[in-house]
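Nothing fancy with the numbering, it's 1 onward along the sequence.
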Amino acid sequence: MASIAVHHIAIACADPQVIEQFYTEHFGFRRTRAIPVGDSAIVFLKLGACYLELFQATAPAPVPPPARDGPWFPGWRHLAFMVDDVDATLAAMGAAARVTLGPLSFDDFIPGWRTAWLADPEGNIVEISQGYTDPEGA
């Protein structure tokens, strides 16, 4: 099988500049490219080998923003990041950390696994976790 890697996640944004600021300021993404398209641009943000591709939304959201840890209907529930310390990350984010669920500890499953979910400025759910590990041999 040929090599496969996650490349990007595309996000349609009501305000791409606000979303860009949020992910660059709080999650370490950096802008690598902006491609003009009509009156707007497609913006690429990079973190490691993964990109967020930001598009200007052209229609209103058909449903209210999700709550807690994301929607339970078919589709993407949330975007997740590993951090060194969930509580320290939330504290550093200050008012930008609009927590929707948690922080919760999952020590019964994996010792040290802790997670919180929060909403980005447009209501997309973002998970931050610490301590997740794969089982031996995985």
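Looking at residues two or more places apart in sequence or on another chain, you find a side-chain hydrogen bond (donor to acceptor under 3.5 Å, both in side chains) between Arg31 and Glu20. Legend: residues meeting side chain to side chain contact (heavy atoms under 4.5 Å, CB included) with Leu79, ordered by chain and number and at least two apart, are Ile9, Tyr23, Leu52, Phe81. With sequence neighbours left out, Ala14 forms a side chain to side chain contact (heavy atoms under 4.5 Å, CB included) with Glu122. Evaluation of the side chain to side chain contact (heavy atoms under 4.5 Å, CB included) rule for Ala49 yields no partner, not counting sequence neighbours. Remark: Ala97 pairs with Leu90, Met93 by the side chain to side chain contact (heavy atoms under 4.5 Å, CB included) rule, at least two apart or across chains. Residues forming a side-chain hydrogen bond (donor to acceptor under 3.5 Å, both in side chains) with Glu53 (at least two apart in sequence, or on another chain): His8. Shown here are the side-chain hydrogen bond (donor to acceptor under 3.5 Å, both in side chains) partners of His78, two or more places apart in sequence or in another chain: Glu127.
Leu54 and Phe27 fall within a single hydrophobic cluster, where Ile, Leu, Val, Met, Phe, Trp and Tyr are joined by side-chain heavy atoms under 4.5 Å apart, directly or via other members. Note: the hydrophobic cluster containing Val86 also contains Phe22 (ILVMFWY, side chain heavy atoms under 4.5 Å, direct or indirect links). Hydrophobic clustering of Ile, Leu, Val, Met, Phe, Trp and Tyr side chains at less than 4.5 Å, counting indirect connections, keeps Val126 apart from Trp76.
Residues in residues 3-15 take part in no salt bridge (charged side-chain N to carboxylate O under 4.0 Å, His left out) pair, two or more places apart or across chains. Under the ring pair (Phe, Tyr, Trp, His ring centres under 6.0 Å) criterion, the residue pairs touching residues 48-67 are His7-Tyr51, with sequence neighbours excluded. Counting only residues at least two apart or on different chains, the side chain to side chain donor-acceptor pair (under 3.5 Å) pairs with a member in residues 82-100 are Asp87-Arg114. Contacts classified as side chain to side chain donor-acceptor pair (under 3.5 Å) and involving residues 60-74 (residues at least two apart or in different chains) are given here: Asp69-Arg77.
Through side-chain heavy atoms spaced under 4.5 Å, either directly or across other Ile, Leu, Val, Met, Phe, Trp or Tyr residues, Phe109 is tied to Met82, Leu101, Leu104, Phe106, Ile110, Trp113, Trp117, Ile125, Tyr132.
Here the closest heavy-atom approach between residue Leu118 and residue Ile128 is recorded as CD2-CD1, 4.2 Å. The two residues Pro103 and Ala116 have their closest heavy-atom pair at CA-CB, 3.9 Å. Between Pro71 and Pro66, the shortest heavy-atom distance links the atoms CD-CB, 3.5 Å. In terms of heavy-atom proximity, Val6 sits nearest to Cys50 at CG1-SG, 4.1 Å.
Inter-residue side-chain proximity for Ile19 and Cys13 is flagged as met; some heavy-atom pair is nearer than 4.5 Å.
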